[in-house]
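In what follows, residues are counted from 1 in the order of the sequence shown. This one's a predicted model, so the numbers in the text were calculated from it and none came from an experiment. Just so you know, these numbers use all the heavy atoms, side chains as well, and skip hydrogens, waters and symmetry mates.
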Amino acid sequence: MDAQYYGDISLGTPEQNFSVIFDTGSSDLWVPSSHCVSEACVLHRRFKAFESTSFGQDGRTFAIHYGSGHLLGVVARDTLKIGNLTVLSQVFGEAVYEPGAAFVLGQFDGVLGLGYPSLAEIHGNPVFDNILVQKTVDEPVFSFYLSRKTSRFSPEGELLFGGQDEELYTGPVVWHPLTAKGYWQIKMDRVEVQGATSLCPHGCQAIIDTGTSLIAGPAADIFKLQQLIGATPINMKEFVVDCVRLSSLPPVTFVLGGTEYTLTAERYIIKETLGNRKLCFSGFQALDLNSSKGPLWILGDVFLTEYYSVFDKGQDRVGFAAARHPTHE
């Protein structure tokens, strides 16, 4: 459903493979442990510490709380491989308790956090910080391209460590300085609907989060936005629109640092077929999150499929350019 983007890593010697969400909205790496008996663990690949010759015991415990669930585990160290990158002595979590439905339904085994160290629950360098310490990339930058299944494009997406892939976007990369270094957090000027109605008119904060499927914002603003696009609730969290009306729905524009990033209805509506019924879900969800600088919006995958994103750790900034999808050309 264009809702989970994940890729492969390996841990240990010999390599044990796992699929993880590469998540800019958290900073910890964890995978299920062979000692975990939660339903989610049983359904996913589990790390067998006793089979790895490079494994390092740590002994500490950890707990992580996400928007969609929480987990408990023990801390370990081992060799991590991502594509052709090798990261030595990477601190990670072995999850021993994963309650709730979110991890049961996940196509991924674990999560690899790409946020700043201040966000980490597990003490020790997060993965990208370790990559920088070990000098395995030329630039302190990583970039995301998230495709849409409608494009039948290969790859389904790309995470590039150490630079950006000019084949996957058009035009210049526009840079936005971070306002806080935990999440990848920037200032948002306002959100416009049809260029007229303005939400967060006095500015607010936005985090750029590859681990969130939709675009989230304060409940009051999101409910107003759902009304403006004519979406009706089917439960507390999900809103739908009549698929026939798609072409008449207004564009929604996010103004960041004076630059307008506009999503048409084709981009902010998620189309699904259930049985023989076509459903069109709103790509906006209510989530009240506060920061020291005020309420937070989350620009998740609905936004990031439209814009190629570059995360620059060297200059503490995020850049966007129009993603190149074959259907656009």
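In the displayed structure, N290 atom CG is contacted under 6.0 Å by more than 12 heavy atoms of other residues, nucleotides or ligands. More than 12 non-hydrogen atoms from other residues, nucleotides or ligands lie less than 6.0 angstrom from CD of E51. By the 6.0 Å contact criterion, NE2 on H123 is open, its count of non-hydrogen atoms from other residues, nucleotides or ligands being 12 or less.
With sequence neighbours excluded, no residue forms a salt bridge (charged side-chain N to carboxylate O under 4.0 Å, His left out) with D221.
By the 30° and 60° cut-offs, the orientation of the rings of F320 relative to Y307 is perpendicular. Using the six-membered ring where Trp is involved, F254 and W297 have ring planes that are perpendicular, over 60° apart on the 30 and 60° scheme. Between F223 and F239, the two ring planes are tilted [angle within 30° to 60°]. The aromatic rings of W184 and F142 lie perpendicular to each other, with more than 60° between the two planes, well past the 30° mark.
For L304 against L299, the heavy-atom pair with the smallest separation is CD1-O, 3.9 Å. Here the closest non-hydrogen pair linking Q90 and N130 is OE1-ND2, 2.9 Å. The shortest heavy-atom contact between R190 and P201 is CB-CA, 4.4 Å. Minimum interatomic distance between L85 and I131 (heavy atoms only, all atoms of both residues): CD1-CD1, 3.8 Å.
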Side-chain donor-acceptor contacts of residues 100-118 below 3.5 Å, not counting sequence neighbours, with atom names and distances?
unit_1	atom_1	unit_2	atom_2	d
D109	OD1	R45	N	3.2
D109	OD2	S19	N	2.8
D109	OD2	S19	OG	3.4
D109	OD2	R45	NE	3.0
D109	OD2	R45	NH2	3.2
Y116	OH	D316	OD1	2.6
S118	OG	K181	O	2.9

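Test F55, F18, F47 against F92 for ring-ring contact (aromatic ring centres under 6.0 Å, His included) and you get one pass: F47. A side-chain hydrogen bond (donor to acceptor under 3.5 Å, both in side chains) with T179 is found for exactly one of Q205, K293, K187, namely Q205.
Sorted by first then second residue, the disulfide bond (SG atoms under 2.5 Å apart) pairs that include residues 35-83, not counting sequence neighbours, are C36-C41.
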Intermediate values then yes/no, side chain to side chain contact (heavy atoms under 4.5 Å, CB included), L214 and I270: CA-CA 9 Å; L214 307 182; I270 296 164; 3.3 Å; yes
I'd like to know whether K271 forms a salt bridge (charged side-chain N to carboxylate O under 4.0 Å, His left out) with E266, so could you lay out the CA-CA distance, the side-chain angles of the two residues, the decisive distance to 0.1 Å, and finally the verdict. CA-CA 9 Å; K271 297 177 211 163; E266 281 292 328; 2.9 Å; yes
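Less than 6.0 angstrom separates the ring centroid of H325 from the ring centroid of Y145.
No side-chain donor from either of D301 and S213 sits under 3.5 Å from a side-chain acceptor of the other.
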